[in-house]
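Down below is the structure, laid out as structure tokens.
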Amino acid sequence: MGEEEVVEGWLEGAESAKSMLSRIMREQPLSLVLPPPLDRVPLRLGNVVEIVGPSPSSKTHLLIQAAVSCILPKEWNGVNYGGLGNLVMFFDLDCRFEILRLSQALKHRIMEANGTRANPNWEQGDADAFNCNQKKGPHIECDRELFSSCMRRFLYVRCYDSLEFLSTLKTLHYQLQKERETHGVDVHFLMIDSIGAFYWIDRASTSVAIKGNNRKCHSLQTVSESIIKEIRKLLLVHPMLVLATKAANLGERNSQKWSSENSSDMRTVGNGPKKLPYREYMPSIWQSFVTHRVLVRASDEDSKHHNSPIYLSQWLLPSLSVSDMFIITDAGVSTL
Amino acid sequence: MFRAPTFQKLSSPFLFTARARNEGLSVHHSPPIATNLVHRRFRAPKSRNPREMAPLKSLEREYPIVDFNFQQFCASNGIFSVEDFLIQDLYVLAALAEQHSTSERLKEGITQVLSVIDTQHQPWLNGLELLEDAQQNKHILSSGCERIDMLLEGGFCEGYLTELVGPSSSCKTQVCLQAASAVAKIGGVVFLDTGNSFSSKRIAQFLISDPDGKEGNQNILQKVLKSIECHSVFDIFTLLDVLHQLKPNLTSQTGGRVQLLIVDSISSLITPILGGSGSHGRALMISAGSLLKKLAHEHNLAVLVTNHMVSGEGGTHKPALGESWKSIPHVRLQLSREHGSNICNMCILRHPYMASGKAVTFMIP
């Protein structure tokens, strides 16, 4: 190739506006299927979204609702379910995940989409509705099949410490390939609940620093670095949307009934001149890995909407001025 | 599978003694390397000595590919254990192996270590398998109090870490004892007592007041008391010790499976180690919480812990274990007692699938 051609090629750009547009249309933003408040910004595979908030602030529920959208098919037996029909990988670092919550939400969504076809047996919201053998209509049978295939697309692992988390990540590439072969679809969402779970343990192990040779010591820094490096490498080969929750302490200002007890020991990682509404503690390497960040929190204790607590959300990255109010029920997330 | 406990990674000198005592009795079924790894972390190596290579060397017996040459190669890159492997970029390592004359063998070794790593995490499960486990193995245990069972849709869940939080004399211990007396009729109970609050007399009273068990009270009482195993625990290290010693197939003296584990109160063990600028106290707290959740999940135990309250700013009361503990239990229940009466109130602060804020009043017999 002559030099001129190279220059021409460079001038032409990598792709035309038309091809870019068609590419972007093809890679439709995931926000179409994500529950509010995650639908506020266009999210794509490869993004790393952090859902930060005090406990409880519906963080895990948001993940569950997003997972349901991902595992539901777009269409099944002529009924439109509006899902992605892809796999979800869920890392449970808090070890508090409740599968019944997911299965109930999934059943509600299936029921809702079936609309008029819904069988009254389902209305009870009973966890055993599927196991009811007495009134087994053809629809129930078919919905059960749909339910099972959706549940099989939800992949779950729990980790009791950072090293287990790292071990899982190190071998995730093979796991991803295996699951892709089994299901014939890709993993689209990688969920981590919650990323700061082992912060204190890792921080305490910093003092073990064994120096000498060229051996790396196990510390919060090296462990976080390795975790992020592994996820980064995975994202190159398997584009996924990373959804991570992070428990955070809101400052005294926002503290409700019981104010926070551990104000003295939280490291404040400055995020530019902007004052964060919560105390940041994750290492800066994690901060820079996150591409999107949304803050969620429960609104005042007493405000309720039809007996469901109201939550508030605020996008911090990108910074949006709008704040959403939403409630979460088994039927999904609805904004107020 | 029960594996090397989480807290072993810590470096506190206290922990070392706690571990050392624990060593002969602990229940990990992990490959020996995991324990070796932990061991060597406490012996700060001054120079490279044969012992230093023990962790990778211990793999050699089982996997001949992890030979001396491979160990030498790893050592030159600062890797002495499987743990060190985890924080290495294996692509970089493979690229380095490429430069050696025995690159093929070295890369095989890396793959071998990776497959060892693959056995060190919990298994991947799909939603259906999880649901099956929840429906078949995680039962709900009656608390012994009808009103509480009503609030909690049956009682305390196996697999959950449930916290009772409330000021002193808000019936925290009474709820624990009542649950113990109810569960001990059908299975085993382990009661970890931090303040000499366990009372077999009180258990007997609960049994007598139970309308179902009027006949053959003496026999039932014998059986119930035999099913409750009580340990005095006065510090966090003893707690971790005892928890590690709980056998995988927890069976009580009467042969029933242990279904309920009570720590009354966990806050009195943890508050003394919190505070100050060090993070070890919090690390121990998180480890204890994590271990309790692991036991609860793997052995289908309902775990019940109590958290007392201390005075906070402005004359208010706050839980002794506050913000950083809050995200550990599955269920948080707040207890209070009406002044000068034996009417108590229980309110759901958090629950994986029930609305928070639901409350009920009940009477302790």
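A note on names: the letters A, B, ... follow the listed sequences, proteins ahead of strands, and every chain is numbered from 1. Values below: every heavy atom of this structure, side chains too, minus hydrogens, waters and symmetry copies.
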Please confirm whether B/W124 and A/F90 have ring centers closer than 6.0 angstrom.
no
Heavy atoms only: give me the nearest B/K326-A/S55 pair and the separation to one decimal.
CE-O, 2.7 Å
If one checks every heavy atom of A/A197 against chain B at 4.5 Å, the contacting part turns out to be backbone
In this structure, CG of B/N126 is separated from CZ of A/F154 (nearest 0.5 Å) by 10.0 Å
Check: B/H297 and A/R158 side chains under 4.5 Å, non-hydrogen atoms:
yes
Find out whether B/L130 and A/F97 are in side-chain contact, i.e. whether some heavy atom of one side chain is under 4.5 Å from a heavy atom of the other.
yes
State, with a plain yes or no, whether a side-chain heavy atom of B/Q120 is found less than 4.5 Å away from one of A/L163.
no
Looking only at A/L166, A/V88, A/T168, most heavy-atom pairs under 4.5 Å shared with chain B are made by A/T168
B/Q88 side, atom CD; A/T222 side, atom OG1 - distance, nearest 0.5 Å
10.0 Å
Taking all non-hydrogen atoms of both residues, which atom of A/D94 and which atom of B/K293 are closest, and how far apart?
O-NZ, 2.5 Å
Value for CD (A/E98) from SG (B/C157), rounded to nearest 0.5 Å, stands at 7.5 Å
Side chain, backbone, both or neither: which part of B/Y160 has an atom under 4.5 Å from a heavy atom of chain A?
side chain
Who among B/P329, B/G357, B/G281, B/A134 has the most heavy-atom pairs with chain A under 4.5 Å?
B/P329
Indicate the atoms forming the closest heavy-atom contact of A/W200 with B/S324, along with that distance.
NE1-CB, 4.3 Å
Between A/K229 (side chain) and B/I87 (backbone), is there a donor-acceptor pair under 3.5 Å?
no
Run the salt bridge (Lys or Arg N to Asp or Glu O under 4.0 Å) test against A/K59 and tell me which residues pass, sequence neighbours left out.
none
Identify which part of B/L161 has an atom lying under 4.5 Å from any heavy atom of chain A, answering side chain, backbone, both or neither.
neither
Largest heavy-atom contact set with chain A, pairs under 4.5 Å, which of B/L86, B/I117, B/L125:
B/L86
Return the minimal non-hydrogen interatomic distance between A/I201 and B/S287, and the atom names on each side.
CD1-OG, 3.6 Å
Does A/K233 have any salt bridge (Lys or Arg N to Asp or Glu O under 4.0 Å) partners at least two apart in sequence or in another chain, and if so, which?
A/E230, B/D89
Among A/R101, A/H61, A/R153, residue most engaged with chain B (heavy-atom pairs, under 4.5 Å)
A/R101
May I ask you to check whether over 12 heavy atoms, not counting those of B/Y353, lie within 6.0 Å of atom OH?
yes
Please determine whether side-chain contact (heavy atoms from CB on, under 4.5 Å) holds for the pair B/R350 and A/R96, giving the CA-CA distance in whole Å, both sets of side-chain angles, and the decisive distance to 0.1 Å.
CA-CA 12 Å; B/R350 105 168 268 141; A/R96 280 199 305 191; 3.4 Å; yes
Show the nearest heavy-atom pair for residues B/H330 and A/C95, with the distance to one decimal.
NE2-O, 3.2 Å
Give the minimum heavy-atom separation between A/A204 and B/A283, together with the two atoms involved.
CB-CB, 3.5 Å
Stepwise, does the side-chain contact (heavy atoms from CB on, under 4.5 Å) test hold for A/Y174 with B/L114?
CA-CA 11 Å; A/Y174 301 104; B/L114 257 182; 3.9 Å; yes
Does NZ in B/K358 sit with more than 12 non-hydrogen atoms of other residues, nucleotides or ligands closer than 6.0 Å?
yes
Residue A/L172 versus chain B: region with a heavy atom under 4.5 Å:
side chain
For A/S226, is it the side chain, the backbone, both, or neither that has a heavy atom closer than 4.5 Å to a heavy atom of chain B?
side chain
Among B/L131, B/I328, B/L90, residue most engaged with chain A (heavy-atom pairs, under 4.5 Å)
B/L131
Does any backbone or side-chain atom of A/Q175 lie under 4.5 Å from a heavy atom of chain B? Answer side chain, backbone, both or neither.
side chain
Will you find, in the side chains of A/Y160 and B/Q122, an N or O donor that is under 3.5 Å from an N or O acceptor?
no
